[in-house]
Protein chains: 2
Amino acid sequence: MQSSDIGAFIKGLRENARISLRQLAEQANISNPYLSQIERGLRKPSAEVLAQIAAALRVSTPAMYLKAGLLGTDDGEGVLAAIAGDQQLTVAQKQSLTQIYETFIRENAREKSDD
Amino acid sequence: MQSSDIGAFIKGLRENARISLRQLAEQANISNPYLSQIERGLRKPSAEVLAQIAAALRVSTPAMYLKAGLLGTDDGEGVLAAIAGDQQLTVAQKQSLTQIYETFIRENAREKSDD
DNA sequence: CTCGAGTGCTAGCTATAGCTAGCATGATGC
DNA sequence: GCATCATGCTAGCTATAGCTAGCACTCGAG
């Protein structure tokens, strides 16, 4: 995912939400010229700014980070991040989910190598 | 989690790993003065730098982000979104994980209302 | 003693994230 | 026509992330 793609991603979400660039910038608490530059790929926003935009667009922060390349998809970090950060889960439940997830990944990797 | 705490967290991991500041900086591909400043809370590293340090210390990127305050603990829908977006999972596995997650949430909600 | 290697740090620099002030354009109402 | 509001954008600025050059210190070997 290149930085220009995160800009297009944000712009697409904003247009789907039918709000103007200024409205989103205000809701995300960043300046509208800066949001314009982000959408056009002229600036590379920090994780904090991405999190603010994600909140304003009602997208989860991990999903936004995934799109921006700050979390990878190859080693299941997106899922593990979300499990780790979920406050509704107990520690034991987090461990269970993590182990189940890793078991699935191992099965899939084994099936792949069997091909 | 304040930024000075992420510095102490990194320093603690490094000391546990018994490597020098220069060794970690080299493995993380950042300058050693900068790593020194990060550990002492004088600089606020970007998510990319945190990910590099995490990889060098063999800590997952999401765990590092959590410590740095870049991932929160409140967004529960992130788990479902991350499961849905994970390319390594089959459709059946996604359904299983989703159901298990939702079961856990229901159990926790019921226990809460019993209190 | 000196020298070399290792350690962590300081000072000052460059590049850029994110901002403010303000512009250009279009639409609407008088 | 003008004024006002909304839209997205440009230019130039400030603060700081991250760097290089080099310092001070410790330890061990000769």
Student: Check whether more than 12 heavy atoms from other residues, nucleotides or ligands sit under 6.0 Å from atom CD of A:Q27, and answer yes or no.
Tutor: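 Counting other residues, nucleotides and ligands, CD of A:Q27 exceeds 12 neighbours.
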Student: Over how many whole Å does the gap from B:Q37 atom CD to D:dA21 atom C1' extend?
Tutor: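 Interatomic distance, CD of B:Q37 to C1' of D:dA21: 14 Å.
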Student: Within this structure, what is the CG-to-C1' distance between B:N32 and D:dC19, rounded to whole angstrom?
Tutor: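 Going from B:N32 (CG) to D:dC19 (C1'), I get 11 Å.
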Student: B:R22 side chain N/O closer than 4.0 Å to the phosphate oxygens (OP1, OP2) of C:dG8?
Tutor: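 Answer no for this pair, as no side-chain N or O of B:R22 is under 4.0 Å from OP1 or OP2.
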Student: Ignoring hydrogens and geometry, is there a side-chain-to-backbone donor-acceptor pair from A:Y65 to B:L70 under 3.5 Å?
Tutor: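 Pair found, side chain donor or acceptor close to backbone of B:L70.
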Student: Hey, is the side chain of B:R14 poking within less than 4.0 Å of OP1 or OP2 on C:dT7, counting only N and O atoms?
Tutor: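 B:R14 to C:dT7 OP1/OP2: no side-chain N or O under 4.0 Å.
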Student: Look at all strands and tell whether B:S20 reaches a base, only sugar-phosphate, or nothing, counting heavy atoms closer than 4.0 Å.
Tutor: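 B:S20: backbone/sugar contact only, no base atoms under 4.0 Å.
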Student: Provide, to the nearest angstrom, the distance between the CG atom belonging to B:L21 and the P atom belonging to C:dT10.
Tutor: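 For the pair B:L21 CG and C:dT10 P, the rounded distance is 12 Å.
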Student: Quick one: is B:R43 getting a side-chain N or O under 4.0 Å of the C:dT10 phosphate, OP1 or OP2?
Tutor: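 So the side-chain polar atoms of B:R43 never come under 4.0 Å of the phosphate oxygens OP1 or OP2 of C:dT10.
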Student: Quickly work out the A:L42 CG to D:dG12 P distance and round it to whole Å.
Tutor: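 Answer to the nearest Å: 16 Å.
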Student: Consider side-chain contact (heavy atoms from CB on, under 4.5 Å). Of B:V49, B:L50, B:L21, which one does B:I38 pass it with?
Tutor: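 Among B:V49, B:L50, B:L21, the one meeting side-chain contact (heavy atoms from CB on, under 4.5 Å) with B:I38 is B:V49.
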Student: Is A:E102 reaching over with its side chain to a backbone N or O of A:Q99, donor-acceptor style, under 3.5 angstrom?
Tutor: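 No; zero donor-acceptor contacts below 3.5 Å.
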Student: Round to the nearest Å and state the distance from A:I19 atom CD1 to D:dT7 atom P.
Tutor: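 For the pair A:I19 CD1 and D:dT7 P, the rounded distance is 10 Å.
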Student: Please tell me which of A:E48 and B:S36 maps to the more 5' nucleotide of DNA chain C, matching each residue to the nucleotide holding its nearest heavy atom.
Tutor: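 So the residue in question is B:S36.
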Student: Could you check how far CD of B:E26 sits from P of D:dC19, rounded to whole Å?
Tutor: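 These atoms are roughly 13 Å apart.
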Student: Do you see a donor-acceptor pair shorter than 3.5 Å between the side chains of B:N108 and A:Q93?
Tutor: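 A pair is found: one side chain offers a donor N or O, the other an acceptor, under 3.5 Å apart.
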Student: Specify the separation, in whole Å, of atom CD of B:E15 and atom C1' of C:dG8.
Tutor: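 Atom CD in B:E15 sits about 12 Å away from atom C1' in C:dG8.
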Student: Mapping B:S46 and B:P33 onto DNA chain D by nearest heavy atom, which one lands closer to the 5' end?
Tutor: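 This one resolves to B:S46.
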Student: B:I30 side chain: which of D:dC19, C:dC19, C:dC9 is closest?
Tutor: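 Of D:dC19, C:dC19, C:dC9, D:dC19 is nearest to the side chain of B:I30.
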Student: Nearest whole angstrom, please: distance from the C1' of C:dC9 to the NZ of B:K11.
Tutor: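 Interatomic distance, NZ of B:K11 to C1' of C:dC9: 11 Å.
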